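Quick caveat: nothing in here was measured; it's all calculated off a predicted structure.
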Amino acid sequence: MRKRPIATNDSHIRALARIVGEEAILYRKEDLIAYDCDGFTVHRHLPKAVVFPNSTEEVAAVVKYCHEHELPFLARGAGTGLSGGAIPLNGEVIISLTRMKRLLHVDLENRRAVVEPGFVNLKLTNSVAHRGYYYAPDPSSQYCCTIGGNVAENAGGAHCLKYGVTTNHILGLEVVLPDGEVIEIGGNGVPDPPGYDLLGLLTGSEGTLGIVTKITIRLLKNPEAKQTVLAYFDEVEDASQTVSDIISAGIVPAALEMMDQTAIEAVEAAAFPVGHPKDIAALLLIEVDGISAGIGEQIDDILTICRHHHVREVKVAESEEERARWWANRKTGFGAMGAISPDYLVQDGVIPRSRLPEVLREIANISRKYGLRIANIFHAGDGNLHPLVLFDASQPGETERALAAGSECLKACAAVGGSITGEHGVGLEKKEEMRFIFSDEEILAQTAIRDVFNPKNLLNAGKLFPTPGRCVETKQVSSTVK
């Protein structure tokens, strides 16, 4: 960042510049435009300023200043979030953590590492791969998303079916609270410490309870063997039933991914085509790993189940290079939508695996209702759906139709006992949809927890929760009047 003298009379900008340095603050409109949204681009709002602290001490000093002067603020990582969690709705001071990107400590004996929040997800695996270790959570954006952001959203990924999401790999956090106090939680590796699970509470809190400045994470040993299967189906129902039957057979794949025809069209038009047939209805990408003994039997069982459900073609990767190509193709899925649509909206629902066929049928009905194509890419093994609503924002009314269609997809997930998010978070995008799965009383209980950490509601306000209904507000007020 090129140093330019501060050219404003705004006393807050000048004070923040004294904390982080004049070269580490942006406040001119032309510089702030890049920070008016994250991966959820439907809404855009300019921040008051963006600061780039280099240490926990600087983060704490910025937060303390904002708290004392009642300036709204929020933390931001790489900006890859898909639910609007880093959009500055209230003219916030954005605390960008991209300079805090150091790998602080690696302890392979205890299978732990300590990183700063700006450390890129995939870089961690690359840093320890030569020693035979890796970091399991692998969102599609892992080549650029940061671990701090992963903690905020409790990110998942293709391999979370077997290995769990981010919260299953966090051992400790250093956190700056909304008043500037710095606390440490966990970190000693005790598997079930006494007291409240504050690690679990903060992981996935979407930047509303504190700002993470240091993360102790769990490393895993590379599996002894892995094999990957690619299966093509002429009917979505056959692919869906194959997913259920694989799990019912007692097989727990490391990953079990599904794409429908529209999604396949997109990935084949993008950066890493692999030659998927254009006329298939769905494909499954299935990976098993573990000790070498037994892997072959699992693969044979998977092939048998696929054939039982009328698979057109099923094959096992013959080399690591072929496996890597299949995965590169899958992981371009979201970005590949740009090859077939000017704009797209990513949703993130969760359903019981057994309800997959009927929910996909309902999504097809929603697509027809709104006259918009919907591609489906999802972690089928754990029921985490990603309907991608394709639209053209330049056409009047299409953005609104896309948002309505996306909301109906989430309602369909909730209606079968699922959830409105599995890994992308609620943020700004889905906060009203929280009513699909929580009552006003349940929302009020959760906001009460937020108020303990963030009583002034200066940190990332307007995210995660809708405003409780009037009946709850009235009930709360009347209960205090005696």
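Looking at Ser205, its side chain never comes within 3.5 Å of a backbone N or O of Thr208 through a donor-acceptor pair. Side-chain N or O atoms of Arg353 include one that pairs as donor or acceptor with a backbone N or O of Gly381 at under 3.5 Å. A donor-acceptor contact shorter than 3.5 Å is absent between the side chain of His169 and the backbone of Leu220. Between the side chain of Gln227 and the backbone N or O of Ala317, no donor-acceptor pair lies under 3.5 Å. A donor-acceptor pair under 3.5 Å is absent between the side-chain atoms of Ser341 and the main chain of Met337, judged by distance alone. Under a 3.5 Å cut-off, the side chain of Lys226 and the backbone N or O of Glu287 do not form any donor-acceptor pair. Without hydrogens or angle criteria, Lys430 side chain to Gly425 main chain gives a donor-acceptor distance under 3.5 Å. Using modelled atom types, no side-chain atom of Tyr163 and backbone atom of Ala254 make a donor-acceptor pair closer than 3.5 Å. Between the Ser367 side chain and the Ile363 main chain, no donor and acceptor come within less than 3.5 Å of each other. Counting only distance, with no hydrogens or angles, the side chain of Glu206 and the backbone of Gly85 share no donor-acceptor pair below 3.5 Å.
In this structure, Lys221 forms a cation-pi arrangement with Tyr133, its terminal cationic atom sitting closer than 6.0 Å to the ring centre and no more than 45° off the ring axis.
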Derivation of the side chain to side chain contact (heavy atoms under 4.5 Å, CB included) call for Val229 and Ile299: CA-CA 8 Å; Val229 172; Ile299 292 295; 3.7 Å; yes
Criterion side chain to side chain contact (heavy atoms under 4.5 Å, CB included) on Ser83 and Thr421, from CA distance to verdict: CA-CA 10 Å; Ser83 61; Thr421 181; over 6 Å; no
Side chain to side chain contact (heavy atoms under 4.5 Å, CB included) assessment of Leu285 paired with Thr228: CA-CA 7 Å; Leu285 186 61; Thr228 307; 3.7 Å; yes
Audit row: Tyr232, Val314, side chain to side chain contact (heavy atoms under 4.5 Å, CB included) steps and yes/no: CA-CA 6 Å; Tyr232 298 131; Val314 61; over 6 Å; no
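A distance of 5.0 Å separates CG of Asn121 from CG of Asn150, quoted to the nearest 0.5 Å. Residue Leu390 holds its CG atom at 7.0 Å from CG of Leu388, rounded to the nearest 0.5 Å. Ile94 CD1 to Arg76 CZ: the interatomic distance, rounded to the nearest 0.5 Å, is 6.0 Å. Atom CG in Leu230 sits 10.5 Å away from atom CZ in Arg325 (nearest 0.5 Å). To the nearest 0.5 Å, the span separating NZ on Lys214 from CG on Leu173 amounts to 11.5 Å. Rounding to the nearest 0.5 Å gives a distance of 7.0 Å between CD1 of Ile183 and CG of Leu198.
Closest of all the heavy-atom pairs between Ala266 and Ala339 is O-CB, 4.4 Å. Ala239 and Ala282 get closest at one heavy-atom pair: CB-CB, 4.0 Å. The two residues Ile215 and Pro117 have their closest heavy-atom pair at CD1-CA, 3.9 Å. What you find for Thr80 and Ser141 is that their closest heavy atoms are OG1-OG, 4.1 Å. In plain terms, the two heavy atoms of Ala78 and Cys144 that are nearest each other are CB-O, 3.4 Å. For the residue pair Leu360 and Ser240, the shortest heavy atom distance occurs at CD1-OG, 3.8 Å.
With a 4.5 Å cut-off on side-chain heavy atoms, Gln347 and Leu385 do not count as touching. Two residues are said to be in side-chain contact when any heavy atoms from C-beta on lie closer than 4.5 Å; Ser140 and Arg330 meet this criterion. Looking only at side-chain heavy atoms (C-beta outward), Ile87 and Asp36 stay at 4.5 Å or farther from each other. Between Val311 and Phe233, the closest side-chain pair of non-hydrogen atoms falls below 4.5 Å. Counting only heavy atoms from C-beta outward, the side chains of His310 and Asp234 never approach each other to under 4.5 Å. In this structure the side chain of Lys463 never reaches within 4.5 angstrom of the side chain of Val426, judged on heavy atoms. Considering only heavy atoms from C-beta on, Asn329 comes within 4.5 Å of Met259 through its side chain. Within the 4.5 Å cutoff, the side chain of Glu116 has no heavy atoms near those of the Leu97 side chain.
A side-chain contact (heavy atoms from CB on, under 4.5 Å) with Leu199 holds for exactly one of Ile185, Leu171, Thr167, Val151; it is Ile185. Of the residues listed (Met434, Arg435, Glu441), the one engaging Phe438 in a side-chain contact (heavy atoms from CB on, under 4.5 Å) is Met434, and it is the only one. Residue Tyr370 is tested with Glu408, Arg401, Glu398 for a side chain to side chain donor-acceptor pair (under 3.5 Å); the sole match is Glu408.
Side-chain contact, Asp245 with His309: a donor N or O sits under 3.5 Å from an acceptor N or O. For the residue pair Thr203 / Asn154, no side-chain donor-acceptor distance below 3.5 Å is found, with atom types taken as modelled. Side-chain polar atoms of Asn384 and Asp348 form a donor-acceptor pair below 3.5 angstrom. A donor-acceptor pair shorter than 3.5 Å can be found between the side chains of Glu423 and His386. A donor-acceptor pair shorter than 3.5 Å cannot be found between the side chains of His159 and Asp289. No side-chain donor from either of His424 and Glu429 sits under 3.5 Å from a side-chain acceptor of the other.
Within a 6.0 Å radius of NZ in Lys101, no more than 12 heavy atoms belonging to other residues, nucleotides or ligands are found. More than 12 heavy atoms of other residues, nucleotides or ligands sit less than 6.0 Å from atom CD of Glu320. The number of heavy atoms from other shown groups lying within 6.0 Å of CD (Gln446) is above 12.
Between His43 and His45, the ring-plane angle classifies as parallel under the 30° and 60° cut-offs.
Using a 4.0 Å cut-off between charged side-chain N and carboxylate O, Arg373 and Glu265 make a salt bridge.
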